[in-house]
Undergrad: 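One structure, pasted below without further comment.
In what follows, residues are counted from 1 in the order of the sequence shown. Note that the coordinates shown come from a computational prediction; the quantities given were computed from them, not determined experimentally.
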Amino acid sequence: MAYGGYLNRGDSYHGKTYVYFATQESGEALYIGMTKCVSTRLGQHKYTATWWDMFSAVGYITCETRELAKHIEKFLIQTHQPIFNTIGK
């Protein structure tokens, strides 16, 4: 089972395994990734990601297992072709 929602810039959310996606105001996906802690991972992206200043919101999907998260991440990357993902397209 998986469920999701949106985080706005400045929000944080800790939990199990997440697939997250940074989007522009238009809804276009900039980056899709997987993590155990969305706020920690976004903190890392803040200093390293070229897309950081371009995103307006981060959506997430909470997954029951890491294996499910891997499948969802791969599907979303292949479907949405985010411009800053280099692996999995």
Undergrad: Might you confirm whether atom CD of Glu25 has over 12 heavy atoms from other residues, nucleotides or ligands at distances under 6.0 Å?
TA: no
Undergrad: If only atom types and distance count, is the side chain of Thr35 paired as donor or acceptor with the main-chain N or O of Val38 below 3.5 Å?
TA: no
Undergrad: To the nearest 0.5 Å, how far apart are CG in Asn85 and CG in Leu76?
TA: 10.0 Å
Undergrad: Taking the six-membered ring for Trp and the full ring for Phe, Tyr or His, determine whether the centres of His45 and Phe84 are under 6.0 Å apart.
TA: no
Undergrad: Can you see which heavy atom on Cys63 is nearest to which on Val19, and at what distance?
TA: SG-CG2, 4.3 Å
Undergrad: When rounded to the nearest 0.5 angstrom, what distance separates CD in Gln24 from CE in Met54?
TA: 5.0 Å
Undergrad: Tell me, do Leu42 and Trp52 make a side-chain contact under 4.5 Å, heavy atoms counted?
TA: yes
Undergrad: Return the OH to CD distance between Tyr20 and Glu73, rounded to the nearest 0.5 Å.
TA: 8.0 Å
Undergrad: Can you give me the closest heavy-atom contact between Ala22 and Phe55, atom names plus distance?
TA: CB-CB, 4.0 Å
Undergrad: If you round to the nearest 0.5 Å, how far is CZ of Phe75 from CD1 of Ile32?
TA: 10.0 Å
Undergrad: Find the distance between CZ (Phe21) and CD1 (Ile77) and round it off to the nearest 0.5 Å.
TA: 12.0 Å
Undergrad: Only one of Lys74, Arg66, Arg41 passes side-chain contact (heavy atoms from CB on, under 4.5 Å) with Met34; say which it is.
TA: Arg66
Undergrad: Hey, what do you get for OH (Tyr60) to OG1 (Thr17), rounding to the nearest 0.5 Å?
TA: 14.0 Å
